[in-house]
S.K.: 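Encoded as C-alpha cells, here's the structure I'll be asking about.
Both backbone and side-chain heavy atoms feed into the values below; hydrogens, waters and symmetry mates do not. Chain letters run A, B, ... following the sequence lines, proteins first and then strands; every chain starts at 1.
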Protein chains: 2
Amino acid sequence: MQGPRTVAEQVANVLREAIAGGTIKAGTPLRQDELAEQFGFSRMPIRDALRQLEAEGIVSIHPTKGAQVARMDSAEISEIYSLRELLESEALRLSVPNLAGARLDEAEQVLDQIDAERNVGRWGALNRAFHLALYDACGNHRLLALIEAHHNAADRYVRILLSNLDYRSRSQREHRDLLAACRRRDGDRATSILRQHLREGRETLVSAIREDGLSRKS
Amino acid sequence: MQGPRTVAEQVANVLREAIAGGTIKAGTPLRQDELAEQFGFSRMPIRDALRQLEAEGIVSIHPTKGAQVARMDSAEISEIYSLRELLESEALRLSVPNLAGARLDEAEQVLDQIDAERNVGRWGALNRAFHLALYDACGNHRLLALIEAHHNAADRYVRILLSNLDYRSRSQREHRDLLAACRRRDGDRATSILRQHLREGRETLVSAIREDGLSRKS
DNA sequence: TGGCGTATACAGGCATACATATATCCACAC
DNA sequence: GTGTGGATATATGTATGCCTGTATACGCCA
C-alpha cells in the first residue's frame, strides 16, 4: 500500500480531511484558482481532485458555476443513515460467520485506542476503522466500498456526534456489545445492536443539526 | 431538463452508451489522445469524462497506465446483483405504500413498450425505466441514485441477458407479476418476486459469462 | 544461454494560455 | 424611481505543449 501517486490524489486527500475536520465549512465555494495557488499546483490536478470528491458526494459541482462543499440538510443525513443501516447490517450479517479471531482482536484494540485517544480529530477515523474491521469478511468488495463511501460522506457530521462526550461513551458501550455478539457468532444479535446503534446516531445527529441551524439547502 | 452543458458530459454519455451497447468491449484501453481525435476535442474534456465514468464504475483508471473499460468477472457480476437485491428490495418495500396509480400505469406502459420494441439496444433502457418507476416513491434520493448507478454499471451485461429471448419472456412475466403485486399494495409479495427475479438474472448471467469466457481479470 | 541493466518510445500528468458563459452592475430610457 | 438591457469582470471550460514515469526491447555481461 503506497501513498498517493498523483498530485490530484494528494489534493483530494487534504481537502477531504479538511472538510471532514470542519476546517472548511459546508457551502464554502471551492475556487480552482484559489486552491491552485494555496497548494502550489495548477488548476488541472485540482479539477481532478474536485471531480473525485464530487463522486464521493463530498462536494457538488455545477457546470460553469464551480464547486462547493456539499450542504446536507437533516433529511439527507437521515437518508445516509438509513443507507448505512441497510448496507452495514447486511455486511455484518455476511461477515460474522467468517470473521477471524485476529480481526476481532484488531477491532477491540481500535476500541481501546478510541478510549485512550484525546485528539478529537482522530475519533472519526478510528470509529470508521472499527466498523470496517467487522465487515471485512463479508466477501463483497463493492458493498465494502459503498460503506466506506458513505462513511466519508457523513464523516464531518459523525465528528460532530463524537465530540459529544455523552454520546461517545454510549457509543463505545454499544461498540463493545456489538463486538461481544460477534465473538459469540451471534449474527442476529449483532445486526440488531448495529441497527439500534445507527438509529441512535441518526436521531442524535438530526436533532443536533436542527437546533444548531446547520441545515441549509443551496 | 436540458442536455449536457459541457463537452465532458457529452463524451461521457456517448462512451457510456457505446460501452453498454457492446460497441466498445471490456478491457479495451481508452487512450486519451485517440478519443480526443475521434471526438474532435482536446484531451482535457476526455479526461474529465473518463474520471466521471470511473466514478460510475464503468471504466478503471490506473495512474500512468491509463483507462480501460472495466472488466468484470462473474464474481463481480454476482456482487452487483447481490447489491441490487439488497438496494432494490428495500426501495420497493419503501415505495409500494406510496406508489401513485399514475406511476403504476406508466410502469405498465413501459412493459408494453418492451414487448413491442424490436430494437435490442432499447431494451436495457426500458428495463431500467420500469424498475426505477416502481422505486420512485421510496423517498430516499440517495438510494435511488445508488440503484441507478448499479444499473449503469451492469447495463452491458443486462443487455446480454435481454438478447436471450427465453430469458426476456420469462423476465416480462415476472415484471407483470411484480406490477400486479404493487397494484395490490402487497409489498411483501412484490419484494419476494423482485428478489427471485434478480436471483434468476444473476444465475443466467453468471453461467452465460462462464461459458462464453467473457470473464478475464486484468 | 540467461539474466540484468540501460535506452528509447509512448502515454498520461501537469502547466500555461485562450475561449466562453454567467452574473453583476451601471446607465439609460420609460 | 424602477426596470431593462448591455457591458464588463470573474471563474470555469477547453486547447496545446512539455515533462515525467513506465514498459518494452535490445544489448552486454556473467
S.K.: Tell me: CG of A/Leu50 to C1' of D/dG13, nearest whole Å?
M.R.: 14 Å

S.K.: Between the side chains of B/Ser89 and B/Arg195, is a donor N or O closer than 3.5 angstrom to an acceptor N or O?
M.R.: yes

S.K.: Do we see a donor-acceptor contact under 3.5 Å between the side chains of B/Glu148 and B/His151?
M.R.: no

S.K.: Students should find this one: the first and last nucleotides of DNA chain C, 5' to 3', lying under 4.0 Å from a heavy atom of chain B. What are they?
M.R.: C/dA11 to C/dT22

S.K.: If I take atom CD in residue A/Glu34 and atom P in nucleotide D/dA11, what distance separates them, rounded to the nearest angstrom?
M.R.: 9 Å

S.K.: Please state how far atom CZ in A/Arg47 lies from atom P in D/dT14, giving the value in whole angstrom units.
M.R.: 7 Å

S.K.: Compare every heavy atom of A/Ser82 with every heavy atom of B/Asn140, then report the nearest pair and how far apart it is.
M.R.: ND2-CB, 4.0 Å

S.K.: Rounded to the Å, how far apart are B/Glu37 CD and D/dA15 P?
M.R.: 14 Å

S.K.: Return the orientation label for the A/His131 and A/His197 ring planes: parallel under 30°, perpendicular over 60°, tilted otherwise.
M.R.: parallel

S.K.: Taking CZ from A/Arg43 and P from D/dT10, how many angstroms apart are they, rounded to a whole number?
M.R.: 15 Å

S.K.: D/dA11, D/dT16, D/dA23: which one has an atom nearest the side-chain heavy atoms of A/Asp33?
M.R.: D/dA11

S.K.: Sequence neighbours left out, what pairs pass salt bridge (Lys or Arg N to Asp or Glu O under 4.0 Å) with at least one residue falling in residues 10-23 of chain A?
M.R.: A/Arg16-A/Glu56, A/Glu17-A/Arg159

S.K.: May I have the distance from A/Gln32 (atom CD) to D/dT10 (atom P), rounded to whole angstrom?
M.R.: 16 Å

S.K.: Figure out the CZ/P separation between B/Phe41 and D/dA15, and round it to whole Å.
M.R.: 7 Å

S.K.: Where is the tightest heavy-atom contact between A/Gln32 and A/Ile46, given as atom of each residue plus distance?
M.R.: CA-CG2, 4.1 Å

